[in-house]
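Reviewing the structure listed below.
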Amino acid sequence: MSSTNFSFKLADHPKLPKGKQLAVIVLDGWGEEKPDQYNCIHVAETPTMDSLKKGAPENWTLIKAHGPAVGLPTEDDMGNSEVGHNALGAGRIFAQGAKLVDYALASGKIYQGEGFKYIKECFENGTLHLIGLLSDGGVHSRLDQLQLLLKGAPQHGAKRIRVHILTDGRDCLDGSSIGYVETLENDLAELRKQGVDALIASGGGRMYVTMDRYENDWGVVKRGWDAQVLGEAPYKFKSAVEAVKKLREAPKASDQYLPPFVIVDENEKAVGPILDGDAVVTINFRADRMTMVAKAFEYENFSAFDRVRYPKIRYAGMLQYDGELKLPAHYLVSPPDIDRTSGEYLVHNGIRTFACRLFLMQ
């Protein structure tokens, strides 16, 4: 709709009368799927939902909360809380972060943007460090996006690349990290054949290293900082495949809680600590578990933990993770520009609203 004929005026609803109270209740993780013994909602006792569904079947409508219906790339992309916030708040379909990154990589525009130009200044003499979740879960990151970035960055000047992996097991099957690491190692081996110095430098499980959120536990970020920046961790290995396989042998070990590790050379020296003059990119497109580490890289005045060393780097996020804080200041892909939100429409039509949520720190 063009700006010349745009109006916030809403037409009367064909069924709902004016002056009535209406509750919009969002049940995180609730949905309908094939009714079998593996469907926890189907096998559970749900008398309230059953009564609502059976009491007024004509008013029971299923809506999609995944895929293109909420601005994600394909039907295989599951929704999540951040996607829901944007879709519900916007009241219409906007391309979400994952789709924006897909387009930027496919079109090559990611390499033409100010964010990439900013980090590119380090390529001649420094290292490009890529930090993020190694997974195809599609909630925080996707393996294929990392692969495309690894392919494109050397074509635009990157000579030395270090990848700092965070294993998943939460948005995908526990144990799948070994396969992802093997795939990444093969990709990096191909780059080395082309003359690019490309290695995995460090790693750890997403829930124990780097990816904390809501400032719940800065120790998680510190463990990542020590491995990624200082090159220090309680475990040292010659390869990431060896690291993940060995660490998973521990009792009750899981991908998402693997301890931090660094990769070392034949002299037991870390192969890729972040140093002055380097470029750093956090590759996750979802914001919540990147905001804290972004602060550690971005803020010169920082007191959440002792960084020991604060390298003079050029840092960019895959997207901007906090619009209010303008964090980070540089990013490779512009976040979705959402305007004319649902709340604005309600305000302009004189409808009073009250919103609340259950907030669980985890």
Side-chain angles (χ1 to χ4, degrees), residues 8 10 22-33 41 61-104 132-133 135-142 145 168 170-172 206-207 210-216 282-295 317-328 331-349 351-362:
F8 274 112
L10 293 173
L22 177 69
V24 178
I25 304 171
V26 180
L27 303 180
D28 191 10
W30 190 279
E32 290 203 7
E33 187 51 277
I41 294 176
T61 303
L62 295 179
I63 60 175
K64 289 185 176 181
H66 72 282
V70 289
L72 294 172
T74 72
E75 289 290 345
D76 293 329
D77 292 296
M78 63 180 173
N80 58 68
S81 56
E82 183 172 63
V83 168
H85 296 159
N86 288 342
L88 290 169
R92 61 194 196 281
I93 300 172
F94 278 86
Q96 302 276 0
K99 192 170 185 178
L100 292 171
V101 174
D102 281 346
Y103 173 73
L133 188 65
S135 165
D136 62 2
V139 175
H140 293 268
S141 67
R142 284 214 323 270
Q145 293 179 347
D168 195 347
R170 186 177 174 99
D171 299 324
C172 55
R206 56 175 285 180
M207 298 300 289
T210 300
M211 284 178 60
D212 192 46
R213 61 179 176 180
Y214 311 140
E215 302 198 3
N216 185 44
T282 42
I283 63 170
N284 289 18
F285 48 71
R286 178 165 167 170
D288 60 348
R289 293 190 183 274
M290 286 286 100
T291 303
M292 291 170 67
V293 69
K295 290 178 179 179
M318 180 63 84
L319 283 86
Q320 187 173 66
Y321 299 129
D322 192 313
E324 292 184 6
L325 296 176
K326 306 300 181 186
L327 182 74
Y331 41 92
L332 303 189
V333 180
S334 296
D337 185 15
I338 298 175
D339 63 351
R340 292 185 279 134
T341 63
S342 301
E344 288 181 277
Y345 276 96
L346 295 176
V347 168
H348 282 281
N349 285 270
I351 300 172
R352 294 192 302 170
T353 64
F354 169 76
C356 64
R357 65 173 175 168
L358 171 65
F359 185 63
L360 179 63
M361 296 288 284
Q362 61 176 3

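Within the 3.5 Å criterion, the main-chain N or O of N216 finds a donor-acceptor partner in the side chain of D212. With Q145 contributing its side chain and A98 its backbone, the two residues share a donor-acceptor pair below 3.5 Å. Not one N or O on the side chain of D168 forms a donor-acceptor pair closer than 3.5 Å with the backbone of L133. Listed for the R289 side chain is a donor-acceptor partner under 3.5 Å among the backbone atoms of M211. N349 places a side-chain N or O within donor-acceptor distance of the main-chain N or O of L10, the cut-off being under 3.5 Å. Listed for the T341 side chain is no donor-acceptor partner under 3.5 Å among the backbone atoms of A90. Using modelled atom types, no side-chain atom of Q320 and backbone atom of Y331 make a donor-acceptor pair closer than 3.5 Å.
Nearest approach of A104 to V333, heavy atoms of both residues: CB-CG2, 3.8 Å. Residues C172 and S135 come closest through the heavy atom pair SG-OG, 3.6 Å. Across all non-hydrogen atoms, the minimal contact from L72 to M78 is CD1-O, 3.4 Å. N284 and M318 get closest at one heavy-atom pair: O-CB, 3.4 Å. Across V139 and R286, no two heavy atoms sit closer than the pair CG1-NH1, 3.3 Å. The two residues P73 and P68 have their closest heavy-atom pair at O-CG, 4.0 Å.
Within the model, atoms CG of N86 and CD1 of I338 stand 4.0 Å from one another, a figure rounded to the nearest 0.5 Å. Atoms CG and CD1, from L22 and I351 in turn, are 9.5 Å apart once rounded to the nearest 0.5 Å.
Qualifying side chain to side chain donor-acceptor pair (under 3.5 Å) partners for S334, counting only residues two or more places apart in sequence or in other chains: none. By the side chain to side chain contact (heavy atoms under 4.5 Å, CB included) test, A65 is found to be paired with no residue, residues two or more places apart in sequence or in another chain being considered. Looking at residues two or more places apart in sequence or on another chain, you find a salt bridge (Lys or Arg N to Asp or Glu O under 4.0 Å) between K295 and E215. Take Y321 and apply the side chain to side chain donor-acceptor pair (under 3.5 Å) test, not counting sequence neighbours, and it matches T282. The ring pair (Phe, Tyr, Trp, His ring centres under 6.0 Å) search around H348 returns F8, not counting sequence neighbours. Legend: residues meeting salt bridge (Lys or Arg N to Asp or Glu O under 4.0 Å) with R92, ordered by chain and number and at least two apart, are D339. With sequence neighbours excluded, the residues that form a side chain to side chain donor-acceptor pair (under 3.5 Å) with D77 are T74. Residues satisfying the side chain to side chain donor-acceptor pair (under 3.5 Å) test with E324, not counting sequence neighbours, are none. In this view, R142 and D102, D144 satisfy the salt bridge (Lys or Arg N to Asp or Glu O under 4.0 Å) rule, not counting sequence neighbours. Residues meeting the side chain to side chain contact (heavy atoms under 4.5 Å, CB included) test with L27, sequence neighbours left out: I25, W30, M49. For T210, the side chain to side chain contact (heavy atoms under 4.5 Å, CB included) partners are L166, Q228, M290, V293, not counting sequence neighbours. Contacts of K64 classified as salt bridge (Lys or Arg N to Asp or Glu O under 4.0 Å), with partners at least two apart in sequence or in another chain: E75.
The closest side-chain heavy-atom distance from H140 to D288 is below 4.5 Å. Using a 4.5 Å heavy-atom cutoff, the side chains of L327 and T291 are in contact. When side chains are defined from C-beta on, V26 counts as touching L88, because their heavy atoms get closer than 4.5 Å.
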(request) Run the numbers on R340 and Y345 for side chain to side chain contact (heavy atoms under 4.5 Å, CB included), then give the verdict. (result) CA-CA 7 Å; R340 292 185 279 134; Y345 276 96; 3.7 Å; yes
